[in-house]
Amino acid sequence: MKTNNKEGFFYSCFAYLVVTVLDLYFTYLGTPNLALEGNPLYNVVFFDWGGLITLNLITFAIYVLISYYGFVGYKRPVTKETDLKRYLSYISFGDPNKYVAMMWKAPKYWAPQIACLCWSVAIILPFARLFIVILWFFLIMKIDDNLFYTIVASIPMGRIDVVIAILGAWGLSFVWIAKEFKENLKSIEHRKKKEGKVID
């Protein structure tokens, strides 16, 4: 059964587009000559505004693909499992009796793991990048917030967005699991009502 959350897909893409434009705008206000630009990819590959805009267009295109698969493209497995552990075992290994704690073993089916990652990343990235916009705003407006600056300075290259993206995506992966399991239970109830009998 294919996921069909087109609204989530469009909202996430719109949110990421907005923060991308804001990031570029505040970057221009804060460092017109890009001397303070901290994007490691930019510093290695690109050297001007044309390069920075190209990089952002590429990353936005990748984001759209990620968001599409996480919200729309993923085909949800159809299963009768009503126990969370058995459900996870089924969608990962095709066998509800093969539960592996903490997923230390490579799954047989990668689609659920990829969908979980795509969905989680699609949700957290706009929020993560928003922190870079906030940082630029503080610098431009000369807002003195020692705690915020101290936290940013403690992170390698000041990439607070990367830390937020990693931690946020990890946390959201559990939300995805709960969401998918709930949808599976709904589909079971729907089939029960449709068939007029209990599904064993």
Side-chain angles (χ1 to χ4, degrees), residues 1-27 38-42 52-53 55-79 81 84-85 87-92 102-104 106-107 109-138 148 151-152 154-187:
M1 181 171 59
K2 204 169 186 179
T3 54
N4 188 25
N5 189 358
K6 292 183 179 179
E7 286 187 357
F9 166 65
F10 286 118
Y11 285 143
S12 64
C13 290
F14 178 74
Y16 192 71
L17 178 62
V18 169
V19 293
T20 296
V21 172
L22 286 175
D23 187 9
L24 288 171
Y25 175 67
F26 281 111
T27 298
N39 190 317
L41 288 176
Y42 168 79
L52 184 60
I53 292 173
L55 177 61
N56 277 272
L57 289 174
I58 293 172
T59 54
F60 179 71
I62 294 173
Y63 177 88
V64 170
L65 293 175
I66 289 173
S67 182
Y68 181 83
Y69 188 73
F71 283 101
V72 181
Y74 170 62
K75 189 174 182 180
R76 183 182 292 118
V78 177
T79 173
E81 302 304 330
L84 180 58
K85 288 183 178 180
Y87 170 74
L88 290 175
S89 301
Y90 179 84
I91 67 172
S92 300
M102 301 303 292
M103 293 299 294
W104 61 267
Y109 302 111
W110 283 96
Q113 280 70 31
I114 294 172
C116 178
L117 178 63
C118 288
W119 184 85
S120 302
V121 168
I123 289 180
I124 198 61
L125 274 187
F127 292 100
R129 193 160 185 180
L130 182 61
F131 274 83
I132 296 298
V133 174
I134 293 172
L135 178 59
W136 274 121
F137 179 76
F138 278 21
F148 184 69
I151 293 173
V152 173
S154 66
I155 299 171
M157 294 186 292
R159 300 304 304 192
I160 189 172
D161 56 324
V162 175
V163 173
I164 292 172
I166 293 173
L167 294 178
W170 178 77
L172 284 169
S173 65
F174 296 98
V175 177
W176 183 89
I177 291 171
K179 175 181 71 71
E180 288 298 305
F181 182 60
K182 184 177 180 180
E183 289 298 323
N184 185 68
L185 294 178
K186 285 182 179 179
S187 68

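Throughout, numbering of the chain's residues begins at 1 and tracks the sequence.
Residue pairs satisfying the salt bridge (charged side-chain N to carboxylate O under 4.0 Å, His left out) criterion with at least one member in residues 122-133, sequence neighbours excluded, are listed as follows: Asp23-Arg129.
Applying the side chain to side chain contact (heavy atoms under 4.5 Å, CB included) test to Phe137 and every residue at least two apart in sequence or in another chain returns Phe26, Met141, Ile143.
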May I have the list of side-chain donor-acceptor pairs in residues 119-128 shorter than 3.5 Å, sequence neighbours left out?
from	atom 1	to	atom 2	distance (Å)
Ser120	OG	Cys116	O	2.8
Ser120	OG	Ser173	N	3.4

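For the atom pair CG (Leu57) and CG (Leu52), the distance works out to 10.0 Å, reported to the nearest 0.5 Å. Taken from CZ in Arg76 to OG in Ser187, the straight-line distance is 8.0 Å, to the nearest 0.5 Å. Distance check: Thr27 OG1 to Leu22 CG gives 10.0 Å after rounding to the nearest 0.5 Å. For the atom pair Leu185 CG and Glu81 CD, the distance stands at 10.5 Å (nearest 0.5 Å). Atoms OG1 and CD1, on Thr20 and Ile53 in that order, are 12.0 Å from each other to the nearest 0.5 Å. Taken to the nearest 0.5 Å, the CZ atom of Phe60 stands 10.5 Å off from the CG atom of Asn56.
Checking Tyr68, Phe71, Tyr16 one by one against Phe9, the ring-ring contact (aromatic ring centres under 6.0 Å, His included) holds for a single residue, Tyr68.
Heavy atoms only, all atoms of each residue included: Tyr69 and Cys118 are closest at CD2-SG, 4.1 Å. When all heavy atoms of Ile91 and Tyr109 are compared, the pair lying nearest together is O-CB, 3.7 Å. For the pair Phe181 and Leu84, the tightest heavy-atom approach, listed with the atom from each and the gap, is CZ-N, 3.5 Å.
Side-chain atoms of Ser67 never come within 3.5 Å of backbone atoms of Tyr63 as a donor-acceptor pair (strictly under, hydrogens ignored).
Sparse packing is recorded around OH of Tyr25, with 12 or fewer heavy atoms of other residues, nucleotides or ligands lying under 6.0 Å away.
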